[in-house]
Q: 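Let me give you the structure first, and then I'll get to my questions.
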Amino acid sequence: MTAARTDAEQSLETKEFEWLREGLSDVHRFVLPVLRDVMIDGDYDSILDLGCGNGALTHELTKHCGNCTGTDMSTSGIEIATRSYPAAEFCVSNIEEPLPPRLFDRFDAVIAVEVIEHLLLPRQLFARAKEALKHDGELILSAPYHGYFKNLALALSGKFDSHWHPLRDYGHVKFFSLKTLTSLFEEQGFELKGVWRVGRVRALARSMIVRGKRIG
């Protein structure tokens, strides 16, 4: 896989989360196998990749679902996506604002990979998902995993700075555990359908994936 680096892990005073090239990022190799299984199980006809970045993941989704759309606030990401991955539809959209009306009530599933940890107001992601989903649609999202043993390992190894990237513009601002992330699904009217930890051993997992069906 080709790494899709963003802002060199430092403050560049950028106006957006910048994308420099096409290609999948490192986390996708952990997340994609679960997403493929979920898509087969869900048999979705339409998918919205919310916070699609440079569109590489959206492109992978088109191999399993012919009707895929990606949105992101990053104009640099959407420019790369539109140029590199013509099989999907892409548009610029800020997650802090309502989706374009043409995307309302349209999708069987919304997928958001490593997005929610970047949001000061994470419930906005659920608001956008509800706009996009059909009445019984599903939300599948991933986020970096945090738990007691992983946080302890980070502290003992002195890896907090390299894990949290405090100097990165538009970097991580929320740090979820499985408990807090699944609680957010339930609070926002989604019935849990699956939870996974991916990458490394379970207690030190790289990321977690949660799947929920809209019931509210």
Side-chain angles (χ1 to χ4, degrees), residues 1-12 14 17-20 23-38 49-54 56-57 60 72 74 95-96 110-126 129 138-213:
M1 294 185 180
T2 302
R5 299 193 65 193
T6 53
D7 57 8
E9 301 181 9
Q10 61 184 340
S11 176
L12 300 176
T14 56
F17 192 100
E18 289 191 352
W19 289 86
L20 305 178
L24 294 166
S25 63
D26 291 340
V27 72
H28 289 138
R29 67 188 178 97
F30 303 118
V31 173
L32 265 172
V34 174
L35 292 184
R36 292 187 184 113
D37 289 343
V38 169
D49 185 3
L50 188 60
C52 68
N54 69 354
L57 177 64
E60 290 296 318
D72 202 283
S74 172
I95 210 166
E96 297 177 357
V110 169
I111 292 176
V113 171
E114 310 293 298
V115 175
I116 195 168
E117 69 273 14
H118 296 272
L119 304 178
L120 282 172
L121 303 174
R123 290 170 180 83
Q124 291 176 331
L125 187 151
F126 288 83
E138 295 187 352
L139 172 62
I140 304 101
L141 65 80
S142 79
Y145 169 74
H146 292 90
Y148 174 78
F149 289 108
K150 183 174 180 180
N151 290 341
L152 181 62
L154 288 169
L156 292 174
S157 61
K159 296 291 186 180
F160 270 125
D161 283 347
S162 60
H163 178 70
W164 286 354
H165 305 299
L167 299 181
R168 177 180 286 180
D169 288 351
Y170 299 93
H172 297 184
V173 294
K174 293 288 185 178
F175 306 97
F176 289 96
S177 65
L178 273 175
K179 179 180 179 180
T180 53
L181 191 57
T182 55
S183 295
L184 193 54
F185 265 76
E186 293 168 346
E187 173 202 288
Q188 293 296 307
F190 286 83
E191 178 185 4
L192 294 178
K193 294 195 67 177
V195 175
W196 298 264
R197 283 188 246 185
V198 295
R200 309 192 192 103
V201 298
R202 183 176 175 83
L204 305 176
R206 166 62 177 82
S207 291
M208 53 189 169
I209 302 170
V210 180
R211 176 188 182 188
K213 182 177 181 178

Q: Going from CG on L181 to CD on E186, what distance comes out if it is rounded to the nearest 0.5 angstrom?
A: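 Those atoms lie 10.5 Å apart.
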Q: Does F149, at its CZ atom, have more than 12 non-hydrogen atoms belonging to other residues, nucleotides or ligands within less than 6.0 Å?
A: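 Atom CZ in F149 is not packed in, count stays at 12 or less.
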Q: Taking all non-hydrogen atoms of both residues into account, name the closest pair between K159 and S157 and its distance.
A: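 K159 and S157 have their closest heavy atoms at CG-OG, 3.0 Å.
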Q: Keeping K150 on the side-chain end and A205 on the backbone end, is there a donor-acceptor pair under 3.5 Å?
A: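 Yes.
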Q: Rounded at 0.5 Å granularity, tell me how far CD in E114 sits from CD1 in I209.
A: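 It comes to 8.5 Å.
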Q: What closest approach, in Å, do G212 and F190 show between heavy atoms, and which atom pair accounts for it?
A: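 Closest approach of G212 to F190, heavy atoms only: O-CD2, 3.8 Å.
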Q: Looking at L119 and K174, what are the two nearest heavy atoms and their distance?
A: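 For L119 versus K174, the nearest heavy atoms are O-CG, 3.2 Å.
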Q: Between CZ of R211 and CZ of F185, what distance do you get to the nearest 0.5 Å?
A: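 Here the rounded value is 11.0 Å.
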Q: Distance-only criterion, 3.5 Å: show the donor-acceptor pairs between side-chain atoms of residues 192-199 and protein atoms not counting sequence neighbours.
A:
unit_1 : atom_1 : unit_2 : atom_2 : d
K193   : NZ     : E138   : OE2    : 2.9
R197   : NH1    : Y145   : OH     : 2.9
R197   : NH1    : R202   : O      : 3.2

Q: Minimum heavy-atom separation for V173 and L120, please, with both atom names.
A: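 So the two residues come closest at CG2-N, 3.8 Å.
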Q: Checking L121 against E96 for the side-chain contact (heavy atoms from CB on, under 4.5 Å) test, could you report, in this order, the C-alpha distance in whole Å, the side-chain angles of both residues, the deciding distance, and whether it holds?
A: CA-CA 8 Å; L121 303 174; E96 297 177 357; over 6 Å; no
Q: Side-chain contact test, heavy atoms from C-beta onward, threshold under 4.5 Å: evaluate it for L24 versus L32 and give yes or no.
A: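 Yes; the side chains approach each other to less than 4.5 Å.
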Q: Donor-acceptor pair, T182 side chain versus L178 backbone, under 3.5 Å?
A: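 Yes.
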Q: Considering all heavy atoms of both residues, which atom of D72 and which atom of C52 are nearest to each other, and what is their separation?
A: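 For D72 versus C52, the nearest heavy atoms are OD2-N, 3.2 Å.
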Q: Could you give me the CA-CA distance, side-chain angles and deciding distance for M208 and H146, then say whether side-chain contact (heavy atoms from CB on, under 4.5 Å) is met?
A: CA-CA 9 Å; M208 53 189 169; H146 292 90; 5.7 Å; no
Q: To the nearest 0.5 Å, how far apart are OG in S142 and CZ in F176?
A: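 S142 atom OG to F176 atom CZ measures 12.0 Å (nearest 0.5 Å).
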Q: Can a donor-acceptor pair be found, under 3.5 Å and without considering hydrogens, that links the side chain of N54 to the backbone of G23?
A: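 At least one qualifying donor-acceptor pair exists.
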Q: Roughly how far, to the nearest 0.5 Å, is CZ of F126 from CG of L184?
A: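 These two atoms lie 4.0 Å from each other.
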Q: Would V113 and L35 count as a side-chain contact (heavy atoms from CB on, under 4.5 Å) here? Give the steps.
A: CA-CA 10 Å; V113 171; L35 292 184; 4.0 Å; yes
Q: Does the pair I140 and V34 meet the rule for a side-chain contact (heavy atoms from CB on, under 4.5 Å), with working shown?
A: CA-CA 10 Å; I140 304 101; V34 174; over 6 Å; no
Q: Of the options I116, I95, V115, which is the one that meets L50 in a side chain to side chain contact (heavy atoms under 4.5 Å, CB included)?
A: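 Running side chain to side chain contact (heavy atoms under 4.5 Å, CB included) over I116, I95, V115 with L50 returns exactly one hit, I95.
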Q: Nearest 0.5 Å, please: how far is CD in Q188 from CG in L125?
A: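 Those atoms lie 10.0 Å apart.
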Q: Go through the structure and list residues passing side-chain hydrogen bond (donor to acceptor under 3.5 Å, both in side chains) with S183, not counting sequence neighbours.
A: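 Result, side-chain hydrogen bond (donor to acceptor under 3.5 Å, both in side chains) vs S183: none returned.
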Q: Check for a donor-acceptor pair, side chain of H172 on one end and backbone N or O of H118 on the other, with a separation under 3.5 Å.
A: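 Pair absent, no side-chain N/O of H172 close to backbone of H118.
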